[in-house]
Amino acid sequence: VLEKLVKAEKLQIVSHLAASISHEVRNPLTVTRGYIQMLSEDVSSHTKVRYANIALKELDRATDVINDYLTFASISPENTERLRVSEEIQHVVNSIKPLANNNGTELKLSLFEDGAFYIMGERKKFQQCLFNILKNGIESMDHAGKIYIHLIHAASTIQIKIQDQGIGMTQEQIYRLGEPYFTTKNKGTGLGMMVSYSVIKSMDGTVHVSSVQGKGTCFSINLPIHKYEPN
Ligand code: ADP
Ligand code: MG
């Protein structure tokens with residue numbers, strides 16, 4: 001019993017720590033970035049500008065890693081609970097809208113003929129999972145494009161389809177998705193898909209990826225529907 005308690009306490013500390021990193025480290029990073037940005041504009045010294053630019057790149061990398069893990073981290077530890085799929089998707093779409101707008105990406109949702117479908121999972125982790133997939137979709141398009149998000153209902157599973165019109169992937173790239181540090185981006189972390197895949201796995205779900213180079217990519221996430229039995 002004691003051992004279990006200690007373990008639960010440790011877990012709680014880890015989750016608390018994660019949220020602190022997100023909230024308390026992100027701010028100083030942003031402030032530091034502002035000052036170094038000013039240094040980098042000091043035209044009187046080439047060396048300073050060079051150093052400042054290196055520092056900026058490293059700061060951005062730290063922020064990217066935090067974003068892939070902790071965008072939705074919260075102070076209180078998480079429980080597995082009943083989640084309404086459409087609500088979670090809506091929430092993540094709202095959070096990522098600024099990024100989409102910046103990139104000229106239109107997010108097209110069709111979710112709501114569904115009535116209500118529920119799944120079991122940890123809310124913040126599930127949101128992070130969707131966020132990372134949507135973010136990749138946005139980043140895959142260097143032109144104005146659309147991402148279609150559909151909910152499809154089968155007998156015992158719910159399928160979330162996320163279809164972009166981006167650069168697409170090769171077979172090998174699809175195969176390597178979820179591998180830590182696998183990235184084809186200049187400033188990628190290669191951590192986003194690892195997080196998404198492990199969250200889906202922890203929810204007893206599966207992911208299918210189909211992709212055509214130059215046309216786009218479709219992620220299909222299948223999750224078991226939670227049968228709600230009122231009594
Ligand atoms: P990062 O985005 O930091 O590179 P991820 O783990 O999120 O790391 O993604 C890994 C790689 O998978 C990306 O670098 C990219 O090559 C590929 N990828 C993921 N999603 C897409 C997508 N929607 N379209 C094209 N390539 C993708
Ligand atoms: Mg990513």
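All ligand and atom numbering here is 1-based and tracks the order in the structure.
Here the heavy atom of the protein found nearest to atom 24 (N) of ligand 1 is Ser140 CB, 3.4 Å. Looking only at protein heavy atoms, the nearest one to atom 2 (O) of ligand 1 is Lys185 NZ, 2.7 Å. Thr184 N, 2.9 Å is the protein heavy atom nearest to atom 14 (O) of ligand 1. Looking from atom 10 (C) of ligand 1 to the surrounding protein, the closest heavy atom is Phe182 O, 3.2 Å. For atom 4 (O) of ligand 1, the nearest protein heavy atom (residue, atom name, distance) is Thr183 OG1, 2.5 Å. Regarding atom 5 (P) of ligand 1, its nearest protein heavy-atom neighbour is Met193 N, 3.7 Å.
The N/O atoms of Gln173, backbone and side chain alike, include none that comes under 3.5 Å of an N/O atom in ligand 1. Between Asp68 and ligand 1, no pair of N/O atoms sits closer than 3.5 Å. Below 3.5 Å of separation, one finds no N or O of Leu177 facing any N or O of ligand 1.
Here the rule is side-chain contact (heavy atoms from CB on, under 4.5 Å) with Ile160, and of Asn222, Ile200, Ile89 only Ile89 fits it. Exactly one residue among Asp68, Asn132, Asp64 makes a side-chain hydrogen bond (donor to acceptor under 3.5 Å, both in side chains) with Thr189. That residue is Asp68.
Of the candidates Val195, Thr189, Asn186, Ile174, Thr189 brings a heavy atom nearest to atom 3 (O) of ligand 1.
Counting atoms of ligand 1 from 1 in the listed order, those under 4.0 Å from a heavy atom of Asn136 are 2 (O), 5 (P), 7 (O), 9 (O), 19 (C), 20 (N), 21 (C), 23 (N). The Leu191 neighbourhood of ligand 1 comprises atoms 6 (O), 8 (O), with distances under 4.0 Å to a heavy atom of that residue. Atoms of ligand 1 lying under 4.0 Å from at least one heavy atom of Gly188, given by number and element, are 3 (O), 4 (O). The Gly192 neighbourhood of ligand 1 comprises atoms 5 (P), 6 (O), 7 (O), with distances under 4.0 Å to a heavy atom of that residue.
Distances shorter than 4.0 angstrom occur between a heavy atom of Met169 and an atom of ligand 1. Residue contacts with ligand 1: Asn132 is excluded, as none of its non-hydrogen atoms falls under 4.0 Å. Taking 4.0 Å as the cut-off, Gly168 counts as a neighbour of ligand 1 on heavy-atom distance.
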Requested in this report: Step by step, work out the salt bridge (charged side-chain N to carboxylate O under 4.0 Å, His left out) result for Lys108 and Glu106.
Outcome: CA-CA 6 Å; Lys108 303 281 231 182; Glu106 211 182 315; 3.1 Å; yes
Query - Evaluation steps, side-chain hydrogen bond (donor to acceptor under 3.5 Å, both in side chains), between Asn136 and Lys185 - result: CA-CA 10 Å; Asn136 281 340; Lys185 295 170 193 167; 3.0 Å; yes
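One of the N, O or S atoms belonging to Asn136 lies under 2.8 Å away from the Mg ion (ligand 2).
Between Phe72 and His91, the ring-plane angle classifies as tilted under the 30° and 60° cut-offs.
With a 4.0 Å cut-off on non-hydrogen atoms, Asp164 touches ligand 1 through its side chain and not its backbone. Contacts of Thr217 with ligand 1, taken as heavy-atom pairs under 4.0 Å, involve the side chain alone.
Between the side chain of Asp42 and the main chain of Ser44, a donor-acceptor pair closer than 3.5 Å is present. A donor-acceptor distance shorter than 3.5 angstrom exists from the side chain of Glu78 to the backbone of Arg123, with no hydrogens or angles considered. Between the His143 side chain and the Gln165 main chain, a donor and an acceptor come within less than 3.5 Å of each other.
The pair Asp164-Lys146 fails the salt-bridge criterion, with no side-chain N (NZ, NE, NH1 or NH2) lying under 4.0 Å from an Asp/Glu carboxylate O. Comment: Arg84 does not engage Glu88 in a salt bridge, judged by the lack of any side-chain N to carboxylate O separation of less than 4.0 angstrom.
Residue-environment remark: NE2 (His46) stays at or below the threshold of 12 foreign heavy atoms within 6.0 Å. More than 12 heavy atoms of other residues, nucleotides or ligands shown are found within 6.0 angstrom of CD on Glu41.
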